[in-house]
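What follows is a single structure, written as structure tokens, with notes after it.
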Amino acid sequence: MLAITLPDGSVRQFDGPVTGTTIAASIGPGLAKAALAMEVDGLARDLSQVIDADAAVRFITRRDPEALGMIRHDVAHVLAEAVQALYPGTQVTIGPAIENGFYYDFARNEPFTPADFPAIEAKMREIIARNEPFVREEWPRHEAIAFFRERGERYKAELIQDLPAGVPISIYRQGEWLDLCRGPHMRGTGDVGSAFKLTRVAGAYWRGDHRNAMLSRIYGTAWRDQKELDAYQLQVEEAEKRDHRKIGLHTGLFHLQDEAVGSVFWHPKGWKLYRTVEDYMRRRLDASGYAEVKTPQLVDRRLWEASGHWEKYREHMFLARVEDEAEHERVMALKPMNCPCHVQIFNQGIRSYRDLPMRMAEFGACHRYEPSGALHGIMRVRAFTQDDAHIFCTEAQIADETVAFVDLLSSIYRDLGFDSFVVKFSDRPASRAGSDAVWDQAEGALKEACAAARVGYEMNPGEGAFYGPKLEFVLRDAIGRDWQCGTLQVDFVLPERLDALYTAEDGSRRRPVMLHRAILGSFERFLGILIEQYAGRFPLWLAPVPVVVATITEEAAAYALEVVAALRAAGIAANADVRNEKINRKVVDHIEQRIPVLAVIGKREAEERKLVLRRLPGREQETLPLAEAIALLAAEATPPDLRRPA
RNA sequence: GCCGACGUAGCUCAGCGGUAGAGCAACUGAUUCGUAAUCAGUAGGUCCCCGGUUCAAUCCCGGGCGUCGGCACCA
């Protein structure tokens with residue numbers, strides 16, 4: 001006898017080992033039809049799996065959250081079978097479910113192109129229509145390896161070989177085709193349904209290592225039903241409209257061009273936005289005990305050699321070779337970061353423990369020769385400005401400084417419209433400076449500080465900087481891509497390399513710890529994300545043109561110019577639109593230009609000295625006396641930090 | 001950097017082995033019109049660059065540059 005406990009607490013007895021299929025059937029025909037897989041004592045399993053001991057069982061149906069992952073995983077198998085059927089000689093590798101879909105990596109001499117999709121999708125629908133059951137088998141390891149080797153599947157053979165000993169080698173069959181897979185799967189290929197679509201092809205390195213062969217990856221999306229797929233595609237289209245590259249160009253914020261790849265040409269409106277954010281940041285830093293500095297752009301290679309950057313990042317630095325009068329060549333580098341220069345300022349004179357913590361900030365313009373494939377709009381560029389600062393402090397001060405930093409960062413993100421963000425903790429990378437003991441200390445200090453600041457984080461193993469562990473504050477763009485913006489890095493190495501010292505209370509000379517920290521990260525990246533966050537329609541305090549005053553008739557033009565002057569006097573960078581166009585046209589134009597507030601005036605308003613305010617792209621309007629309207633707009637155009645009582 | 005796709009007017013895009021087209025924008029004129037595109041006209045292009053094939057290349061081929069999507073990288 002064995003007892004199966006169901007989620008509602010009820011218990012069913014069975015004479016002997018049973019499959020999920022049998023249990024589901026015993027509960028009812030509806031469930032028997034709906035159950036795709038099950039969870040046995042909390043672990044996902046095939047429905048066909050035999051249960052031979054008392055267990056808690058929960059059935060997974062199409063409605064359950066796990067179903068999406070299963071559909072995507074199963075459709076990846078279907079894709080692999082279809083591809084091997086159509087393109088003999090193609091080797092399979094791995095094909096996981098991912099956010100919104102799935103992919104499968106294939107090894108094939110000739111890469112796929114989107115033109116191949118219709119044929120592949122048609123073949124996939126055939127396989128799904130056949131509804132072949134997924135059948136799980138466990139094979140002895142050597143047999144599995146021999147089998148895949150014989151079929152020329154060297155990647156699969158390698159995968160099996162590298163599976164840890166003791167892990168069962170499970171094989172899933174779907175009709176004639178089979179694949180190594182951990183499972184679980186749904187009942188058969190028919191459960192995949194028809195709400196899937198291949199989306200793109202891409203190259204991807206085998207096992208994510210650039211020294212390995214490049215495989216051909218096919219991405220797809222898959223959903224429970226057509227409605228979900230349609231909704232997803234609509235969402236993707238909407239997200240694409242928020243793309244900062246499109247909005248930036250369209251609303252005249254900036255442009256990029258071939259003669260300065262990776263550098264931004266900021267136009268007047270974009271630069272206004274930039275300066276608004278910079279001014280805001282400067283006020284926040286001033287109020288938080290930071291002292292701003294400015295350091296050289298071109299610095300002799302000696303300093304980069306001393307800091308260790310030369311050895312590790314020379315390839316990614318812009319160099320300038322100059323000859324002095326004696327024809328000695330000097331190699332200078334455009335600074336790729338600010339920290340070594342900040343240490344030079346710290347090292348001037350003799351520092352006391354009384355000077356610590358010393359918070360040294362710079363809006364530091366940096367250049368890095370980023371690999372061409374990494375460039376992305378203004379989010380990943382070769383010339384950028386960091387809101388950088390280095391806090392020179394004692395080990396004992398790390399926790400307090402981290403707490404203060406996280407508070408400041410949270411407040412700033414909130415002001416700028418980001419209520420939530422992800423924190424990642426990146427610990428020691430394989431290639432690093434400093435001893436393990438120093439790393440233990442640095443990672444420990446940062447973890448303690450996180451606890452003190454009550455910051456939850458996810459681990460990002462091996463992703464720390466070469467000189468120390470880091471916290472990354474990650475924001476997401478419109479298309480769902482994650483970007484590291486803020487960062488806090490603990491560094492015991494650079495003070496050592498650049499010989500930073502202070503005199504302690506007991507008169508001894510000690511090394512300060514350096515905390516490298518940034519909140520926006522780079523202005524370029526952050527503004528790119530900000531544009532996507534607001535779809536180019538900023539709150540009044542950020543908008544380069546917060547208000548446009550549009551006339552209905554030329555008779556109102558004089559009043560319009562007067563209103564604009566009054567708005568500007570109140571600190572609102574308003575523009576007038578007195579073009580000889582219909583008001584309908586003006587409304588459309590300013591919606592497209594992402595102007596947040598349109599003030600419409602005609603003869604009536606001019607006579608009554610009023611303003612009609614319309615929040616674009618909305619349709620509602622309110623009519624206010626001029627002074628009242630200006631006061632309202634001025635309040636809204638005030639940066640949030642200046643709105644708060646001091 | 002690697003794999004793939006793409007590069008035509010300011011923007012969005014169509015097109016073709018016989019030296020290019022639309023819509024919007026620009027400019028000119030008319031219209032002064034109360035909340036989601038007024039009408040008419042004019043002008044605008046080394047078809048990314050360099051080679052090659054061809055009687056002839058924007059189109060085909062090779063190389064380069066750039067952009068886009070991934071991968072790798074991200075001090």
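Given the structure is predicted, the values throughout are model-derived calculations rather than measurements. Order of the sequence lines sets the chain letters (A, B, ...), proteins ahead of strands, with each chain counted from 1.
- OP1 or OP2 of B:rC3 has not a single side-chain nitrogen or oxygen of A:His210 nearer than 4.0 Å.
- Shortest non-hydrogen contact noted between A:Phe106 and A:Thr90 is CB-CG2, 3.6 Å.
- Using the six-membered ring where Trp is involved, A:Trp223 and A:Tyr232 have ring planes that are tilted, between 30° and 60° apart.
- Close to B:rG69, at under 4.0 Å from its OP1 or OP2, lies a side-chain N or O of A:Arg481.
- The shortest distance between the side-chain N/O atoms of A:Ser372 and the OP1/OP2 oxygens of B:rG1 is below 4.0 Å.
- Of the candidates A:His390, A:Arg517, A:Arg359, A:Tyr290 forms a side-chain hydrogen bond (donor to acceptor under 3.5 Å, both in side chains) with just one, namely A:Arg517.
- One interatomic measurement links the two molecules: CG of A:Leu488 to P of B:rA75, which rounds to 14 Å at whole-angstrom precision.
- Heavy-atom nearest nucleotides on RNA chain B were determined for A:Gly262 and for A:Ile552, and the one closer to the 5' end corresponds to A:Ile552.
- Contact annotation: A:Arg200 does not reach the phosphate of B:rG4 (side-chain N/O to OP1 or OP2, under 4.0 Å).
- In this structure, A:Arg382 satisfies the cation-pi test against A:Tyr369, with its NZ or CZ atom closer than 6.0 Å to the six-membered ring centre and inside 45 degrees of the ring normal.
- When both distances must be under 3.5 Å, the Watson-Crick or G-U wobble mate of B:rU12 is B:rA22.
- The base of B:rC3 lies outside donor-acceptor range of the side chain of A:Arg217, with no N or O pair under 3.5 Å.
- Nucleotide B:rU32 holds its P atom 19 Å from the CZ atom of A:Arg604, rounded to whole Å.
- Taking only side-chain nitrogens and oxygens, A:Arg579 never comes nearer than 4.0 Å to OP1 or OP2 of B:rC33.
- Across all strands shown, B:rG17 forms no Watson-Crick or G-U wobble pair with both distances under 3.5 Å.
- Nearer the 5' end of RNA chain B, as judged by each residue's closest nucleotide, is the contact made by A:Leu375, out of A:Arg525 and A:Leu375.
- For A:Glu605 against B:rG34, a side-chain N or O and a base N or O form a donor-acceptor pair under 3.5 Å.
- Interface remark: the A:Tyr205 side chain does form a donor-acceptor pair with the B:rG1 base, using a distance-only criterion of under 3.5 Å.
- Counting atom types as modelled, A:Arg614 pairs a side-chain N or O with a base atom of B:rA36 as donor and acceptor under 3.5 Å.
- Annotation: side chain of A:Phe425 is not in contact with side chain of A:Glu458 (no heavy-atom distance under 4.5 Å).
- Dashed line: the shortest gap from a side-chain N or O of A:Lys582 to OP1 or OP2 of B:rC39 is not under 4.0 Å.
- The base of B:rC33 lies outside donor-acceptor range of the side chain of A:Arg585, with no N or O pair under 3.5 Å.
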